[in-house]
Amino acid sequence: MPLTRRSLLAAAIAARGGVGDARAQDCALTVEVDYNGWVGLDAWTEELEPKLPVWWRSINDALGRTACATAKTIRLEFYRIKPDSVAAAARGDKVLINAPYVLANRGNPDMFRMIAHELVHIAQAYPQAIGPAWVTEGIADYVRYYVLFPDDPGRAFDPGQEDWREGYSPAAGLLAWAETKWPGTLAAVNSAMRKGDKGDAALAAATGTEPELLWRSYLRSAPAAASAARRRAYWEGLKRGA
Ligand SMILES: [Zn+2]
């Protein structure tokens with residue numbers, strides 16, 4: 001059969017594994033929203049929605065594109081979540097969002113960034129009970145603070161009060177430093193955890209060093225994020241709704 005333009009196109013699609021897989025390689029994300037009867041959230045959600053597919057690609061680029069094997073659909077679902085101080089939580093491919101919290105903090109850019117953190121958890125998709133939590137939360141905040149929003153003041157931590165065991169911003173700083181010293185560390189740890197390996201063991205394998213020693217080396221590099229004053233300023237800003 002002679003190669004026509006149409007058969008060439010079909011061959012190209014077949015080589016890429018079909019139309020669906022071509023979308024998956026692009027790391028496509030579809031977003032569904034369920035307000036569950038909550039009103040007054042449309043403008044906030046409409047501003048958020050187009051950001052999510054862009055963040056999804058960046059998250060997966062940072063973590064080795066392990067969550068791009070299939071095109072992904074996620075759901076944003078609004079509830080009243082207890083305790084009141086919880087903004088959002090990821091459950092499988094859903095982001096559960098605390099509607100009263102959003103209604104009270106709509107103008108705060110931190111709200112969108114918290115959703116970005118939850119989106120990282122969807123990309124992680126680690127088997128239940130794979131931890132430790134400090135690595136899981138450290139990776140989520142690494143992507144938030146060092147990939148998506150490098151100007152986010154929330155990356156600051158108080159080195160006199162917090163260390164890597166906290167997860168979140170201290171662990172994010174540690175992981176960002178490790179990634180610059182041993183490029184590919186984040187992708188290696190993420191891939192190992194998706195397969196069911198423990199994150200601290202995977203980090204030690206990728207860097208050849210235990211977390212406490214990594215932490216001390218990281219602090220010796222005098223990172224700007226290790227600042228009690230910057231941490232205080234961030235919390236003050238949050239309280240003001242800045
Ligand atoms: Zn988290």
Side-chain angles (χ1 to χ4, degrees), residues 29 31 48 51-52 54-64 66-67 72 74-102 105 108-150 152-158 161-176 178-179 185-187 189-194 196-200 202-203 211 215 225 231 234-235 238:
L29 184 80
V31 181
L48 170 65
K51 300 178 190 297
L52 295 171
V54 181
W55 293 345
W56 183 248
R57 276 189 204 99
S58 299
I59 290 165
N60 281 290
D61 284 345
L63 298 182
T66 39
K72 176 70 85 182
I74 65 159
R75 284 174 70 81
L76 308 180
E77 296 186 357
F78 289 90
Y79 297 97
R80 178 186 296 280
I81 297 176
K82 294 284 180 187
D84 299 337
S85 56
V86 172
R91 291 286 178 277
D93 289 343
K94 296 177 183 175
V95 183
L96 315 184
I97 304 176
N98 199 346
Y101 192 105
V102 175
N105 295 280
N108 191 329
D110 217 63
M111 276 306 312
F112 283 162
R113 294 169 180 197
M114 288 177 188
I115 304 298
H117 172 105
E118 300 308 328
L119 196 58
V120 180
H121 285 319
I122 293 178
Q124 289 174 311
Y126 300 150
Q128 282 293 322
I130 287 300
W134 76 266
V135 181
T136 306
E137 297 303 339
I139 291 172
D141 266 0
Y142 160 77
V143 178
R144 170 179 169 170
Y145 294 129
Y146 293 87
V147 176
L148 295 176
F149 313 109
D152 189 331
R155 69 157 69 172
F157 61 88
D158 179 351
Q161 305 272 343
E162 303 169 286
D163 69 14
W164 55 275
R165 294 175 187 82
E166 306 275 333
Y168 301 99
S169 44
L174 171 68
L175 292 170
E179 180 68 23
T185 292
L186 264 294
V189 172
N190 180 60
S191 169
M193 291 179 82
R194 284 171 67 92
D197 295 344
K198 294 283 182 193
D200 45 1
L203 180 63
W215 178 250
R231 187 66 183 164
Y234 168 66
W235 282 115
L238 273 189

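Numbering of ligands and ligand atoms starts at 1, following listing order.
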### Query
Do you see an N/O/S atom of Glu118, backbone or side chain, under 2.8 Å from the Zn ion (ligand 1)?
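Checking the Zn ion (ligand 1) against Glu118, no N, O or S atom falls under 2.8 Å.
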
### Query
How close do Met193 and Gly131 get, heavy atom to heavy atom, and via which atoms?
CE-O, 3.6 Å

Can you give the donor-acceptor pairs under 3.5 Å from side chains of residues 115-124 to other protein atoms, not counting sequence neighbours?
{"from": "His117", "atom 1": "ND1", "to": "Asp141", "atom 2": "OD1", "distance (Å)": "2.8"}
{"from": "His117", "atom 1": "NE2", "to": "His121", "atom 2": "NE2", "distance (Å)": "3.0"}
{"from": "His117", "atom 1": "NE2", "to": "Glu137", "atom 2": "OE1", "distance (Å)": "2.9"}
{"from": "Glu118", "atom 1": "OE1", "to": "Ala90", "atom 2": "N", "distance (Å)": "3.0"}
{"from": "His121", "atom 1": "ND1", "to": "Gln124", "atom 2": "OE1", "distance (Å)": "2.7"}
{"from": "His121", "atom 1": "NE2", "to": "Glu137", "atom 2": "OE1", "distance (Å)": "3.1"}
{"from": "His121", "atom 1": "NE2", "to": "Glu137", "atom 2": "OE2", "distance (Å)": "3.4"}
{"from": "Gln124", "atom 1": "NE2", "to": "Thr136", "atom 2": "O", "distance (Å)": "3.1"}

### Query
Under a 4.0 Å N-O cut-off, is there an ion pair linking Asp163 with Arg165?
yes

#### Entry: Among the N, O or S atoms of His117, the one nearest the Zn ion (ligand 1)
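Atom name returned: NE2.
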
#### Entry: Atom of Glu137 nearest the Zn ion (ligand 1) (restricted to N/O/S, atom name only)
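For Glu137, the N/O/S atom sitting closest to the Zn ion (ligand 1) is OE1.
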
Under 3.5 Å, side-chain donor or acceptor atoms of residues 166-175 against the rest of the protein: list the pairs with distances, not counting sequence neighbours.
none

